[in-house]
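Down below is the structure, laid out as C-alpha cells.
What you see is a predicted model, and the numbers here were worked out from it, not measured in a lab. Whatever order the structure lists them in is the order used to number ligands and atoms, beginning at 1.
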Amino acid sequence: MRLILLGPPGAGKGTQAAKIVEAYGIPHISTGDMLRANVKAGTPLGLEAKKLMDAGDLVPDEVIIAMVDARLDEDDAVNGFCLDGFPRTVPQASALEELLARKGAPIDVCLRFSVEDAEIVSRITGRRVHKPTGDIYHVVFNPPPADLDEADLQQREDDTEEVVLNRLEVYRRQTEPLEKYYWERGLLRDVQAVGDMDEITAGALEVLGEYEPVPAQS
Ligand code: AMP
C-alpha cells in the first residue's frame with residue numbers, strides 16, 4: 001500500500017497514520033517528523049529548516065524532495081509507505097510522481113482529511129506531544145493517561161495560535177491545489193476527519209481496504 005495523507009495541519013493525519021501503518025506494516029514517513037529530528041540533531045538541514053518551521057512557512061521544495069527521495073530508497077519502503085505532510089506543493093507532487101514512476105511503484109490512493117479552520121485552531125493549540133514516545137494527545141479531546149509525567153508532554157513551537165494561522169494560510173495557498181492534482185489522477189478519496197477517533201480510523205481503513213486488504217496479523 002502506497003498512500004498519501006492530505007489535509008491541513010491538525011486534521012489528524014499523524015494520529016491516523018500511526019493506526020494505518022500498524023495495520024499495513026508499512027513505514028510512516030512524516031516529513032515534519034524527519035525535519036524535527038534534524039533540528040534536534042543540529043544537522044545543517046535542521047539549521048536551515050528551523051526558522052521556516054517555527055514561522056509555519058515551508059522548507060524549499062528541493063530540500064524536501066531530496067530528503068524524501070533518499071527515504072523512499074530505504075529497505076522498509078519497498079512494500080509501501082504512508083506519506084504524511086508530503087507532498088505539500090505541486091512541484092513536490094510532480095517530483096514524487098516522477099521518482100515513483102522510475103521505481104515502477106506509483107501511489108495507490110490519496111486520502112483527504114477535511115476539517116474547518118476554527119476546529120483546527122482549537123485542535124492544534126491543545127495538542128501535546130509525549131517526548132519519549134512521540135505519541136500525540138490533546139488536552140481536551142484526547143487527554144494523556146494520568147500516569148504520564150507532565151514534564152514529558154510538550155507543545156510544538158509551531159502549535160501556537162499565531163503560527164497556526166500562518167500554517168493554515170500556507171496550506172490553502174500551496175497545498176490545497178493538490179486536491180485537484182490527485183482528483184484529476186483518480187487517486188483522491190475523502191475520509192471522515194471529525195468525530196470519534198476510532199470511527200475515523202475505521203473509515204480510513206475501510207477506504208484503503210478497497211485498494212488492498214489489511215494483511216493478516218502474524
Ligand atoms: P508538519 O509536522 O507536517 O506539520 O510539518 C511541520 C513543518 O515542517 C511545516 O510547517 C513546514 O515548515 C515543514 N515541512 C514539513 N513537511 C514539509 C514539506 N513537505 N514541504 C515543505 N515544508 C515542510
*Would you mind running through ligand 1 and noting each atom that sits below 4.0 Å from a heavy atom of R167?*
4 (O)
*For T31 and ligand 1, does the shortest N/O to N/O distance drop below 3.5 Å?*
yes
*Numbering the atoms of ligand 1 from 1, which are under 4.0 Å from a heavy atom of D158?*
6 (C)
*So which of Q174, M67, R88 gets nearest to atom 10 (O) of ligand 1, if we judge by its closest heavy atom?*
R88
*Mind checking whether R156 contacts ligand 1 via backbone (N, CA, C, O), side chain (CB onward), both or neither, at a 4.0 Å heavy-atom cut-off?*
side chain
*Quick one: nearest non-hydrogen protein atom to atom 22 (N) of ligand 1, plus distance?*
V59 N, 3.1 Å
_Testing Q16, E22, K19 one by one against T201 for a side chain to side chain donor-acceptor pair (under 3.5 Å), which residue passes?_
Q16
_Location of contacts on I64 toward ligand 1, heavy atoms closer than 4.0 Å_ = side chain
*Between Y182 and R112, does a side-chain hydrogen bond (donor to acceptor under 3.5 Å, both in side chains) hold up when you go through it step by step?*
CA-CA 10 Å; Y182 287 110; R112 170 170 62 180; over 6 Å; no
*Can a salt bridge be assigned to the pair R167 and D57 using a cut-off of 4.0 Å between side-chain N and carboxylate O?*
no
*Look at ligand 1 and say whether K13 reaches it with a heavy atom at a distance under 4.0 Å.*
no
*asked:* Using side-chain heavy atoms (C-beta onward) and a distance below 4.5 Å, is L45 in contact with V63?
replied: yes
*asked:* Just to be sure I'm reading this right: ignoring hydrogens, which of L35, D57, L5 gets closest to atom 11 (C) of ligand 1? Compare them by their nearest heavy atoms.
replied: D57
_Atoms of ligand 1 close to R36 [distance to a heavy atom under 4.0 angstrom, numbered from 1]_ = 2 (O), 6 (C)
*Within 45 degrees of the axis of the six-membered ring of Y181 and under 6.0 Å from its centre: does R185 put its NZ or CZ there?*
yes
*Hey, does G85 come in under 3.5 Å of ligand 1, counting only N/O atoms on both sides?*
yes
*If you draw a 6.0 Å radius around NZ in K180, do more than 12 non-hydrogen atoms from other residues or ligands fall strictly inside?*
no
*Under 4.0 Å between a Lys/Arg side-chain N and an Asp/Glu carboxylate O for D76 and R71?*
yes
*Starting from atom 20 (N) of ligand 1, locate the nearest protein heavy atom and write down its residue, its atom name and how far away it is, to 0.1 Å.*
Q92 NE2, 2.9 Å
*asked:* Any carboxylate oxygen within less than 4.0 angstrom of a Lys/Arg side-chain nitrogen, looking at D33 and R36?
replied: yes
